[in-house]
Amino acid sequence: MVALNVVHAACPHDCPDTCAIAVTTEGTCAARRAIKVEGDARHADTAGFLCAKVSKYLERVYDPRRVLHPFRRCGKKGEGRFTRITWDEAIAEITGRWKDLMATYGPQCILPYSYAGTMGLVQGQGMDRRFFHRMGASLLARTICATAGAAGYKATIGASIGMEARHFAESKFILIWGSNPVTSNVHLWRYVLEAKKRGARVVTIDPYRTRTAAASDEHLAIIPGTDAALALAMMRVIVDEQLYDADYVARYTLGFEALCERLQAYTPAAVAPMVGLDEATIVRLARAYARTQPSAIRINYGLQRHAGGGMAVRTIACLPALVGAWRHPAGGILLSTSGTFPLNYAALERPDWIPPGTRTINMTRLGEALTNRDEAGRPAGFDPPVMALYVYNSNPAAIAPDQNQVLAGLRREDLFTVVHEQFFTDTTDYADIVLPATTQLEHMDVVKPYGHLSLMFNEPAIPPLGEAKSNSDVFRLLAQAMGYTEPELQESDEQLIRAVLDVRHPWMEGITFERLRTEGYVRLNLPSPFAPFAEGGFPTPSGKCEFYSESLARQGMDPLPAYVPPRENVHSNPPLAARYPLALISPPAHNFLNSTFVNQDSLRRVEKEPIVELHPSDAEPRGISDGQMVRVFNDRGAFCVRARVSGRIRPGVAYAPGIWWAKFSPDGRNVNATTGQALTDLGGGATFYDVLVEVEPLDAQGRTLS
Ligand SMILES: Nc1nc2c(c(=O)[nH]1)N[C@H]1C(S)=C(S)[C@@H](COP(=O)(O)OP(=O)(O)OC[C@H]3O[C@@H](n4cnc5c(=O)[nH]c(N)nc54)[C@H](O)[C@@H]3O)O[C@H]1N2
Ligand SMILES: Nc1nc2c(c(=O)[nH]1)N[C@H]1C(S)=C(S)[C@@H](COP(=O)(O)OP(=O)(O)OC[C@H]3O[C@@H](n4cnc5c(=O)[nH]c(N)nc54)[C@H](O)[C@@H]3O)O[C@H]1N2
Ligand code: SF4
Ligand SMILES: [Mo]
């Protein structure tokens, strides 16, 4: 009889849901094979179902095109031609090259580059951090996704703590703001549907009629990057019409008078043309939001990928305190739950090993760092220059902004690039050495979610395929070969997990390695229902919800909520808009997860091909018809895709869902050929959706018609 076994796993992907997974295996020891991956029905929040992507996980794990051995480049950079080598050769070559470079340039010429290929604490931010800190490599500011919103939210609320997802089911009014949960947070959407069944009203604010917007009671198609102006006008109505909760404001907020002063400039009439909604709609929205308690806001990252993204999140985060929504567990706002987990990151990552004075390079500006040129082509002053890049958990050739500059950097003959990957991605094409990485089924981890409140254990279900090694295993080997003798660089995955759990905090009491491993996941010791700020207690310096932020003032920033317009927008930059009139946004495609899964045939078949969607009023004057090939371009670059013409996108906006690999794109470029390296106002974040472009039709031979 075949031995079947079920192990507890956790989805490692960059998705707020962090599903509890049950993996069924058959066979024993080295012959163990996974035969089923399904949702673990015991977990309350993820409810036993997985999204379309991860329910087909076995296709990914057992894909014959996986990287299963180390390889050395034999073609030109960008060609992706390799010959197989042994692990010993790979480790010796990498550490040999690093030692030589360090002798000439010092350790800061080495740049680690990683993001959220896995969100596991061990494989995502454990031994890698220890290793590079010990080495004294350049530090990487991991800003590509969430830092603007996190900084804005922190200024108002104090930390990434908000409503518990499950309480959305009892909300009476739900504002989905810059978020597309049907695609990117489906287990929250389940609770929204429950609320809707009980009579709640759901309003979605999004320039595109997403699946979420289409399923809402109302869709407000705002001009991208103008959300803070809308929130300020809503506050103005709420204050003018005395719809605010005066008692909550008096007890638990700071700076109400100053806020009222600030709101003077933001009448609904003044704001309406900026945001592209009517005055009456803004007034109606403000009244409904304030009067229908408990009201909940799901704010997500779509609206913070603009020049004023930090301030936009800060401003919207003021709303629930103004109307007293926090009094109820089903009222408030949810951005991310990540600040609710009081883990011991210092023990995990050993920041105390960072040599004083080590520089930090912002990952959003990878193109600039690799070419040592700013966007205008002037010397960028990186001293020492970046001479070696070690990429893991990321696919920068596809996902980083200003793709042309990134690729120019990756093509440098004198840049030594190592990429540790599960697949031959756009980035491995530029690698000198490619190393094979394990998948979540092949390594141990603990995953901290950002959409719910349980810590999740991931038991390895099967042994590594081929010669694949986990991130932590590779760093242990690299440490040995570099001659680093610290025992902390040889600790096991289990020891890393024990280190991060080693905290004295009431919310973590009793949450041990043993318990996580046995139970699969454990919810933090928080009261249920969880109403974090029902009686104030905000984790800000004042302990209150800060309409006025002294800490922003001290950084020389505006201490009050404000509207910081997009950099590239018809009102803020008319000369640029005259040349490039369309605002381009590129949110996630439904069946991909960033650039992950694009190479999985079953999922790519559903997405078909890269597209740009235009409103008929923008397509017609350009002679673009539905299904025609077009070129999307600005001063930074261009990409060619098929046009889709529909009323789902608001006029003046172009929608190009991502993140396609260049390899699967008609002209070897994706949307990031047009995005830029400019940063957000707070948090040094990326501004992927703050982009102006023009779109022109192509003829059947792919030539421009003009
Ligand atoms: N299926 C799937 N799920 C995912 C991902 C994926 O790639 N695919 N990615 C994961 C990751 S890394 C992240 S960060 C999250 C992202 O998930 P979300 O935060 O939901 O982010 P986006 O899809 O970037 O943006 C959400 C919506 O904001 C809209 N939007 C764009 N600009 C603006 C604006 O200025 N104002 C307003 N109000 N709306 C705007 C977009 O049209 C989009 O529909 O999802 C995660 N989940
Ligand atoms: N135009 C545009 N660009 C965007 C965005 C957008 O909305 N529009 N979104 C941005 C956002 S929000 C994000 S978060 C970033 C995402 O950028 P990335 O974090 O780079 O995400 P992925 O594209 O999913 O690539 C992750 C890679 O890690 C690999 N991987 C997975 N697990 C492991 C492992 O255990 N070990 C190793 N070594 N590798 C592993 C996967 O195979 C995959 O190729 O993209 C950003 N780029
Ligand atoms: S990607 Fe998100 S929804 Fe899909 S299985 Fe993973 S955590 Fe769940
Ligand atoms: Mo992200």
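Note that ligands are numbered from 1 as they come in the structure, with each ligand's atoms numbered from 1 the same way.
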Considering distance alone, does some N or O of Y115 sit under 3.5 Å from an N or O of ligand 2?
no
Geometric N/O contact Q422 with ligand 2, under 3.5 angstrom: yes
Just distances here: any N/O of I205 and N/O of ligand 1 closer than 3.5 Å? yes
For this session: Say whether H590, considering both its backbone and side-chain N or O atoms, lies within less than 3.5 Å of an N or O atom on ligand 1.
Result: yes
Q.
Under a 3.5 Å cutoff, is there a donor and acceptor pairing between the side chains of Y208 and R648?
A. yes
So is V391 close enough to ligand 2, meaning a heavy atom under 4.0 angstrom away? no
Does ligand 2 have an atom that lies less than 4.0 angstrom from a heavy atom of Q403?
no
Of all the non-hydrogen atoms in the protein, which one sits nearest to [atom], and at what distance?
atom: atom 7 (O) of ligand 2; value: Y689 OH, 2.9 Å
atom: atom 18 (P) of ligand 1; value: N300 ND2, 3.2 Å
atom: atom 24 (O) of ligand 2; value: T596 OG1, 2.5 Å
atom: atom 6 (C) of ligand 2; value: S586 O, 3.5 Å
atom: atom 29 (C) of ligand 1; value: D206 OD2, 3.2 Å
atom: atom 23 (O) of ligand 1; value: P588 CD, 2.8 Å
atom: atom 40 (C) of ligand 1; value: P207 CD, 3.3 Å
atom: atom 20 (O) of ligand 2; value: S394 OG, 2.7 Å
atom: atom 2 (C) of ligand 1; value: F592 O, 3.3 Å
atom: atom 33 (C) of ligand 1; value: G302 O, 3.6 Å
atom: atom 10 (C) of ligand 1; value: D14 O, 2.9 Å
atom: atom 34 (C) of ligand 1; value: D227 OD1, 3.4 Å
atom: atom 43 (C) of ligand 2; value: E421 OE2, 3.3 Å
atom: atom 36 (N) of ligand 2; value: N471 OD1, 2.9 Å
atom: atom 15 (C) of ligand 2; value: I144 CG2, 3.9 Å

Taking only heavy atoms of [X], which atoms of ligand 2 are found under 4.0 Å from at least one of them?
X: H420; value: 37 (C), 38 (N), 39 (N)
X: A437; value: 36 (N), 37 (C), 38 (N)
X: Y392; value: 38 (N)
X: V671; value: 1 (N)
X: S595; value: 22 (P), 23 (O), 24 (O), 25 (O)
X: H443; value: 35 (O)
X: L593; value: 24 (O)
X: N672; value: 1 (N), 2 (C), 3 (N)

For L593, the atoms of ligand 3 under 4.0 Å from one of its heavy atoms are 1 (S)
How does [X] reach ligand 1, if at all, at less than 4.0 Å between non-hydrogen atoms: by side chain, backbone, both, or neither?
X: A146; answer: neither
X: Y655; answer: neither
X: N591; answer: neither
X: S184; answer: both
X: Y301; answer: both

Rounded to the nearest 0.5 Å, the CG atom of D690 sits from the OG1 atom of T675 at a distance of 11.0 Å
Is the closest basic N to carboxylate O distance between D601 and R604 below 4.0 Å? yes
**Salt-bridge criterion met for D402 and R365 (N-O under 4.0 Å)** = no
Q | N, O or S of C15 under 2.8 Å from atom 2 (Fe) of ligand 3 | A | yes
Under a 4.0 angstrom heavy-atom cut-off, which atoms of ligand 1 come close to [X]?
X: H306; value: 32 (N), 33 (C), 34 (C), 35 (O)
X: K53; value: 1 (N), 2 (C)
X: G225; value: 34 (C), 35 (O)

Should the proximity of [X] to ligand 2, defined as any heavy atom under 4.0 Å, be assigned to the side chain, the backbone, both, or neither?
X: I659; result: side chain
X: R305; result: side chain
X: N393; result: both
X: R60; result: side chain

Check each of [options] against [atom] and report the one with the nearest heavy atom.
atom: atom 12 (S) of ligand 1; options: N594, I399, L188; answer: N594
atom: atom 26 (C) of ligand 1; options: P587, A583, G178, A116; answer: G178
atom: atom 7 (S) of ligand 3; options: D14, T183, T18; answer: T18
atom: atom 13 (C) of ligand 1; options: W177, Y450, F688, F597; answer: Y450

Give a yes/no on ligand 1: does H13 have at least one heavy atom closer than 4.0 angstrom to it? no
Notebook entry, point to check: Hey, does A312 sit under 4.0 Å from ligand 1 if you only count heavy atoms?
Noted result: no
Within 2.8 Å of atom 8 (Fe) of ligand 3, is there any N, O or S atom belonging to H13?
no
From the list L334, V203, I205, I333, side-chain contact (heavy atoms from CB on, under 4.5 Å) partner of I297 resolves to I333
Practice prompt. Output yes if C51 passes the N/O/S-under-2.8 Å test against atom 4 (Fe) of ligand 3; output no otherwise.
Written response: yes
